[in-house]
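This report concerns only the one structure given below.
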Amino acid sequence: MRAEDAAIIAGIAQSKVSRGVPTDPLQLTVDSCLRAIQDAGLEPGAIDGISAQPGLVLELPGMSPVQIGDLRDALGLTLTWFTAAREGPGHLISIVNACAAIAAGLATNVLCFRTVAESSGRLGRAAGVTTTSSTTLLGREQYYVPLGGSSAANLAAVLTRRYMFEYGLTREQLALVPISQRHNAALNPNAIYQDPLDLDTYMHARTISSPLCLYDCDVPIDGSVAFVVSQRQRQFDLGHPAIGIAGIGCALRDANSWTQRRDFLSMGANDSAAMMWGRTSLKPADLDFAQLYDGFSIFPILWMESLGLVGRGEAGAYLEDGRHRLSGRLPMNTSGGQLSAGRLHGLGLLYEACVQLRDEAGKRQLVGAEVGVVATGGGPDGGCLLLTRGSSN
Amino acid sequence: VSTHGRTKLNTVVPLPFVTPGTAAFWEGGAQGKLLISRCSNCSWWIHPPGPICPNCRSRDVLPTPASGKGAVYSYTIAVHQFHPAFPTPYVFGVVALEEQENLRIYGILRHVSPDDVYIGLPVQIAFRRVDRIYLMEFLPTGGGQHES
């Protein structure tokens, strides 16, 4: 059985998000998970699987502070299957693994969660020192951190400059990503930043790593988001629309590297987007919205092109036409995204996709949202899901 | 950042954990050489270094001196300081080496001002020694001098 055909997203929940306030990450996690379980129409005793990404990360305070075992013990769950994927095609691999486990008969109701304490995790640390605290490096990090690429911001900036060089993207065009998302965030009561952002403010913001300024970089927060992935036969037992999974993209077809891919600008996004469209009869024209990873403002642009929403190099003109806006033909990052609503490492974008498909998005609700894509990751890591209102696979 | 001189400063640079597989790359600078793995069968340059050629899967792979010459493929001016070992501003870029289309290496670009750097700028490698590791940096071709 295809993983897509076995499972639905039955329950969702997101905590309040905050900045600069000490929080207990396990408390946040328990709160979001209990709400997601209730939303799925279940009792905690019905949960028999947990899937996380990336699992506990010791070297980056607050980046992923909760271990699966902590959550199991807190809730007293009886599990038949659990895993955390530190390596994989982006943040959505927790959902993909849950679908695969259900298809394989190893679990029936899988709790997926992502908790961050990246705002409070930085309290007391030296100002501005936000990168790895490791002093010895293995794997691909060793090929950029010691050489001056201290942060993903530096790598994304290099990517952005190359894109500008090849396709003539301007900073004014790039600014349309954070500006439009801030507009959407004003309609999201749980967004960190809701005040309007204008071009003048953007152009005069401090540079982080040129050509990226402050507003091109997403916002560290504390918060937790949780999902329950269930067997598809539960889809009519929920009291709300089930979220169907029409296509999974979780591929890697070229180097696991920011620099060695033959096509420097393609990212892992290209690989997973091609895989996802190859597993469905739906087409880009069927999409009602796109939730695209925006750790940095260049990433949604590269995802748009990888997903075939716009031709290669044409994203600047696409943004000027306003097709990505809430009122446009294909609204993007309708919650404000990570740039304005806060960084839940991709899973906040999945939450927004589900909210839109369930017609629960309040003032920012899109009319008749039935098909949407959520795509997360940057550089060589990228994965995507094609989601539908109800499951008709 | 320490005020006690270079040695103290260097200790806070996050460094690669050198293995037998990566030693040639990270320590080649001791001989003034950029040693990149190369397949003896199909001549493919392999980076990061690995024990097998991903192109033809030959196991006949050897660290091989590369020219260290190339051109700036893209760059950024790092302004926000993310790490105490890397005072800002500095020019950070990715250099396309002349040996092979996708053979690109990150590094700090020295002796070129933020106003003068451009995509396509010809550069050559230099090495900055930290402990027993030789980190790659790049200088404009012709304006190079060895830093250690």
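FYI, side chains are in, hydrogens and waters are out, and symmetry mates aren't considered; it's all heavy atoms of this structure. Just so it is clear: chains get the letters A, B, ... in the order the sequence lines come, proteins before strands, and each one is counted from 1.
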Between atom [atom1] of [X] and atom [atom2] of [Y], what is the distance when rounded to the nearest 0.5 Å?
| X | Y | atom1 | atom2 | value |
| --- | --- | --- | --- | --- |
| B/F92 | A/N154 | CZ | CG | 6.0 Å |
| A/T136 | B/I133 | OG1 | CD1 | 9.5 Å |
| A/Y143 | B/M136 | OH | CE | 9.0 Å |
| B/Y90 | A/S209 | OH | OG | 7.0 Å |
| B/R104 | A/S257 | CZ | OG | 8.5 Å |
| B/H80 | A/L214 | NE2 | CG | 9.5 Å |

Main-chain N/O of [Y] paired with [X] side-chain donor or acceptor, under 3.5 Å:
| X | Y | result |
| --- | --- | --- |
| A/R262 | B/E101 | no |
| B/N102 | A/Q260 | yes |
| A/Q142 | B/L15 | no |
| B/S74 | A/L159 | no |

Could you tell me which portion of [X] (side chain, backbone, both or neither) has an atom closer than 4.5 angstrom to a non-hydrogen atom of chain B?
| X | result |
| --- | --- |
| A/T207 | both |
| A/R206 | side chain |
| A/A153 | side chain |

Non-hydrogen side-chain atoms of [X] and [Y] separated by less than 4.5 Å:
| X | Y | result |
| --- | --- | --- |
| B/I119 | A/R161 | yes |
| A/R162 | B/Y73 | yes |
| A/S150 | B/Q81 | no |

From CA spacing to verdict: side-chain contact (heavy atoms from CB on, under 4.5 Å), A/V145, B/F82: CA-CA 10 Å; A/V145 173; B/F82 286 99; over 6 Å; no
Residue, of A/L155, A/L212, A/L147, that accumulates the most heavy atom pairs under 4.5 Å with chain B: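 Sorted descending by pairs with chain B, the first entry is A/L147.
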Can you tell me which of B/I77, B/L135, B/V18 forms the most heavy-atom pairs within a distance under 4.5 Å of chain A?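 Winner by heavy-atom pair count: B/I77.
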Do you know which of B/T76, B/T88, B/L103 has the most heavy-atom pairs with chain A at a distance under 4.5 angstrom?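 That would be B/T76.
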